[in-house]
Participant: 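Can you read through this structure? Questions will come right after.
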Amino acid sequence: MRLVLLGAPGSGKGTQAARLKEHLQVPHISTGDLLRAEVAAGSKLGLEAKEVMARGELVSDAILLGMLEDRLSRPDTANGFILDGYPRNLAQADALDALLKRIGQPMEYAVQLEVPTELLVERIAGRAAAEGRADDNPESVRKRLEVYDSQTAPVIEFYRQHGQLTVVDGVGALDEVFHRLVEALSPTADVG
Ligand code: B4P
């Protein structure tokens with residue numbers, strides 16, 4: 001199954017993708033995780049991305065597309081993948097569409113996790129206290145939410161227009177949200 005998870009920062013994409021990966025037996029590809037690995041390795045790309053991420057802004061489309069192309073060319077994606085954190089703007093959505101057509105693996109599902117803003121802020125504050133991620137401070141979080149509204153929200157419309165969007169309520173316990181996702185991905189679920 002080829003699936004993209006959409007939603008604001010803190011909506012639970014990464015959290016649920018980690019569970020869905022076991023359920024669907026396909027790899028979880030998180031562009032945030034790929035970038036954090038580059039930062040941790042101190043690579044040239046990581047050095048470029050580090051400050052941009054800490055400010056809560058988007059890393060350049062060219063870097064992301066190259067990174068994604070490379071990841072999708074690995075053999076473990078033959079039976080599908082869960083994409084988390086990409087596309088984050090319309091240019092990335094177009095680039096992904098073209099890339100997947102080129103490799104003969106068009107997207108099958110786009111699922112949006114819907115969560116109200118107050119709860120997003122609360123969840124990220126919880127992670128900041130627990131993990132101390134560089135971009136979970138209040139100023140970067142404000143910026144990430146702003147970037148989401150202006151650049152990423154239109155991507156939801158992109159998938160709606162392509163008839164691939166399913167919206168899932170992301171409020172509730174982890175298990176509850178997971179069960180809603182599994183149900184939304186079952187063959188009889190409504191997509192549109
Ligand atoms: P990401 O790593 O994608 O970060 P994120 O949007 O905050 O989501 P994440 O998946 O980590 O969190 P989740 O909602 O699961 O991106 C980080 C940065 O990388 C970006 O700002 C950007 O700079 C760069 N980047 C990444 N992709 C890019 C791209 N395509 N183009 C350009 N730049 C890019 O979880 C958040 C918290 O909520 C967790 O603590 C979790 O435990 C909690 N939570 C989740 N579900 C919950 C529930 N049901 N109840 C209670 N808590 C819950």
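Numbering of ligands and ligand atoms starts at 1, following listing order.
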Participant: At less than 4.0 angstrom from any non-hydrogen atom of G172, what atoms of ligand 1 do you find?
Facilitator: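 In order of numbering, the contacting atoms are 48 (C), 49 (N), 50 (N).
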Participant: Look at ligand 1 and say whether R36 reaches it with a heavy atom at a distance under 4.0 Å.
Facilitator: yes
Participant: Any donor-acceptor pair under 3.5 Å linking the side chain of R2 with the backbone of P106?
Facilitator: yes
Participant: Do you know which of M53, R88, R144 makes side-chain contact (heavy atoms from CB on, under 4.5 Å) with L58?
Facilitator: R88
Participant: For E131 and ligand 1, answer yes if some heavy atom of the residue is under 4.0 Å from a ligand atom, otherwise no.
Facilitator: no
Participant: Nearest heavy atom to atom 1 (P) of ligand 1: which of R88, R55, R127 does it belong to?
Facilitator: R88
Participant: For the side chain of K13 and the backbone of D84, is there at least one donor-acceptor N/O pair under 3.5 Å apart?
Facilitator: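 Checked: no pair found.
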Participant: Which atoms of ligand 1 sit under 4.0 Å from any heavy atom of G14?
Facilitator: 10 (O), 15 (O)
Participant: When you compare the side chain of E114 with that of D169, does any pair of heavy atoms fall below 4.5 Å?
Facilitator: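 With C-beta onward as the side chain, the pair stays apart.
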Participant: Could you see if V39 belongs to whatever hydrophobic cluster contains I29? Use Ile, Leu, Val, Met, Phe, Trp, Tyr and a side-chain cutoff under 4.5 Å.
Facilitator: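 Cluster IDs for V39 and I29 match.
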Participant: Taking 4.0 angstrom as the limit, do R71 and D76 come out as a salt bridge?
Facilitator: yes
Participant: Which atoms of ligand 1 have any heavy atom of E57 under 4.0 Å away?
Facilitator: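 Per the distance check, 22 (C), 23 (O).
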Participant: I need the atoms of ligand 1 closer than 4.0 Å to a non-hydrogen atom of D135, numbered in the order shown.
Facilitator: 17 (C), 18 (C)
Participant: To check your reading of the model: name the closest protein heavy atom to atom 27 (N) of ligand 1, its residue, and the distance in Å.
Facilitator: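 For atom 27 (N) of ligand 1, the nearest protein heavy atom is T31 OG1, 2.8 Å.
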Participant: To which of G12, G85, G126 does the heavy atom nearest atom 30 (N) of ligand 1 belong?
Facilitator: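 Considering heavy atoms of G12, G85, G126, the nearest to atom 30 (N) of ligand 1 sits in G85.
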Participant: Go through ligand 1 atom by atom and flag the ones less than 4.0 Å from a non-hydrogen atom of Y86.
Facilitator: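 Checking each atom against Y86, I get 30 (N).
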Participant: Answer yes when R180 and E176 have at least one side-chain N-carboxylate O distance shorter than 4.0 Å, and no when they do not.
Facilitator: yes
Participant: Identify the protein heavy atom lying closest to atom 42 (O) of ligand 1, giving its residue, its atom name and the separation to 0.1 Å.
Facilitator: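 In this structure, atom 42 (O) of ligand 1 has T15 OG1, 4.1 Å as its nearest protein heavy atom.
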Participant: Looking only at protein heavy atoms, which one is nearest to atom 33 (N) of ligand 1, and how far off is it?
Facilitator: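 Its nearest protein heavy-atom neighbour is V59 N, 3.1 Å.
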Participant: Specify the protein heavy atom at minimum distance from atom 25 (N) of ligand 1: its residue, its atom name, and the distance to 0.1 Å.
Facilitator: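 Nearest neighbour among protein heavy atoms for atom 25 (N) of ligand 1, to 0.1 Å: L35 CD1, 3.4 Å.
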Participant: Would E139 and R142 pass as an ion pair if we require N to O under 4.0 Å?
Facilitator: no
Participant: Which ligand 1 atoms are under 4.0 Å away from a heavy-atom of L174?
Facilitator: 46 (N), 47 (C), 48 (C), 49 (N)
Participant: What part of R144 sits under 4.0 Å from ligand 1 if we count only heavy atoms: the side chain, the backbone, both or neither?
Facilitator: side chain
Participant: I'd like to check which ligand 1 atoms, numbered from 1 as shown, lie under 4.0 Å from a non-hydrogen atom of Q92.
Facilitator: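 Listed by number with element, the hits are 29 (C), 30 (N), 31 (N), 32 (C).
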Participant: Could you check atom 38 (O) of ligand 1 against the protein and tell me its nearest heavy-atom contact, residue, atom and distance included?
Facilitator: R123 CB, 3.4 Å
Participant: Which bit of L64 is near ligand 1, meaning a heavy atom under 4.0 Å away: side chain, backbone, both or neither?
Facilitator: side chain
Participant: What residue and heavy atom of the protein are closest to atom 8 (O) of ligand 1, and at what distance?
Facilitator: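 Here the nearest protein heavy atom works out to K13 NZ, 3.6 Å.
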Participant: How close do E69 and R102 get, counting heavy atoms only, and between which atoms?
Facilitator: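 Answer, listing the atom of E69 first, then R102: OE2-NH2, 2.7 Å.
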Participant: L65, L6: one ILVMFWY side-chain cluster at the under-4.5 Å cut-off?
Facilitator: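 In one cluster with L65: L6, yes.
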Participant: Select one of side chain, backbone, both or neither to describe which atoms of R133 lie under 4.0 Å from any atom of ligand 1, heavy atoms only.
Facilitator: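 Side chain only.
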Participant: Could you see which bit of D61 sits under 4.0 Å from ligand 1, with heavy atoms only: side chain, backbone, both or neither?
Facilitator: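 Neither part.
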Participant: For F81 versus L100, what's the shortest heavy-atom pair and its separation?
Facilitator: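 Nearest pair, atom of F81 first, then L100: CZ-CD2, 3.9 Å.
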Participant: Do L64 and F158 belong together in a cluster built from hydrophobic side chains that touch within less than 4.5 Å?
Facilitator: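 Yes; tracing contacts between hydrophobic side chains, which count when under 4.5 Å, links both residues.
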Participant: For S30 and ligand 1, answer yes if some heavy atom of the residue is under 4.0 Å from a ligand atom, otherwise no.
Facilitator: no
Participant: Does ligand 1 come near enough to I124 that some N or O of the ligand is less than 3.5 Å from an N or O of the residue?
Facilitator: no
Participant: Does Q16 use its side chain to pair, donor to acceptor, with the backbone of V177 at less than 3.5 Å?
Facilitator: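 No.
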Participant: Starting from atom 19 (O) of ligand 1, locate the nearest protein heavy atom and write down its residue, its atom name and how far away it is, to 0.1 Å.
Facilitator: M53 CE, 3.3 Å
Participant: Could you tell me whether a side-chain N or O of R123 sits under 3.5 Å from a main-chain N or O of G10, the two making a donor and an acceptor?
Facilitator: yes
